[in-house]
Amino acid sequence: MTLRKTMTACLFSAVLVGGALAVAPAASAGEFGALSCYGSAKSYSKPAGNRWYPQGGAYLTTTGNCNDINIKPNTTTSIAVCFLPSSGGTSCQSSFKTAPAGQWTVVATDVRDGTRFYFDFGSTSANSGVWAA
């Protein structure tokens, strides 16, 4: 085969494969199950001047997507979780974990779905990133 014929055959094959991929239907969430834990992550942005996120009476809630509470901060931080049991009051972890910048860190394990909580950053510095629970 000449170089020109070989290149034409290769390009034609690539177009066929690309076209087949383009018309393939997208998979629905039902076909592959629920969202993954990290795939359901949400952004946060804690302003300077306080240690907690969120604040002002708002709380975060765990879902069935994760078995744990995870955080991926943009800057290295110390973090703990405070839980809000249905019986009332607040129960905070007794020690802080170091969450390195740009890495997922498990802050609390084996947390029930529907548990309300908030993060205690142990510092009043601003912090942002993503969390998943």
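Everything quoted here is computed from the prediction, not taken from an experiment.
Hydrophobic clustering places Val111 together with Phe119 (ILVMFWY residues linked when any side-chain heavy atoms are closer than 4.5 Å, directly or through intermediates). Connection of Ile69 to Val130 is not established within any shared hydrophobic cluster, with ILVMFWY side chains joined at heavy-atom distances below 4.5 Å, either directly or through further cluster members.
Taking each heavy atom of Thr98 and Thr105 in turn, the nearest pair found is O-CG2, 4.0 Å. Closest heavy-atom contact between Ala133 and Cys66: C-CB, 3.4 Å. Nearest heavy atoms, Ser123 versus Lys46: O-NZ, 3.4 Å. Between Pro54 and Leu60 the shortest heavy-atom distance is CD-CG, 3.5 Å.
In this structure, the side chain of Asn70 engages the main chain of Ala132 through a donor-acceptor pair within 3.5 Å. Between the side chain of Thr76 and the backbone N or O of Ala101, at least one donor-acceptor pair lies under 3.5 Å. For the pair Tyr118 (side chain) and Tyr53 (backbone), a donor-acceptor distance under 3.5 Å is absent. With hydrogens and angles ignored, the 3.5 Å screen pairs no side-chain donor or acceptor of Lys72 with any backbone N or O of Ala99. With hydrogens and angles disregarded, a donor-acceptor distance shorter than 3.5 Å links the side chain of Lys97 to the backbone of Val106. Looking at Asn50, its side chain does come within 3.5 Å of a backbone N or O of Trp52 through a donor-acceptor pair. Under the 3.5 Å distance criterion, the side-chain polar atoms of Thr62 are matched with a main-chain donor or acceptor of Arg112.
A distance of 8.0 Å separates SG in Cys92 from CG in Leu84, rounded to the nearest 0.5 Å. Separation of atoms CG (Asn127) and CD1 (Ile71) is listed at 6.5 Å; rounding is to 0.5 Å.
Using a 4.5 Å cut-off on side-chain heavy atoms (C-beta onward), Gln93 and Val107 make contact. The shortest distance between side-chain heavy atoms of Phe96 and Thr77 does not fall below 4.5 Å.
None of Phe121, Trp104, Tyr44 except one satisfies the side-chain contact (heavy atoms from CB on, under 4.5 Å) rule with Pro73; the exception is Tyr44.
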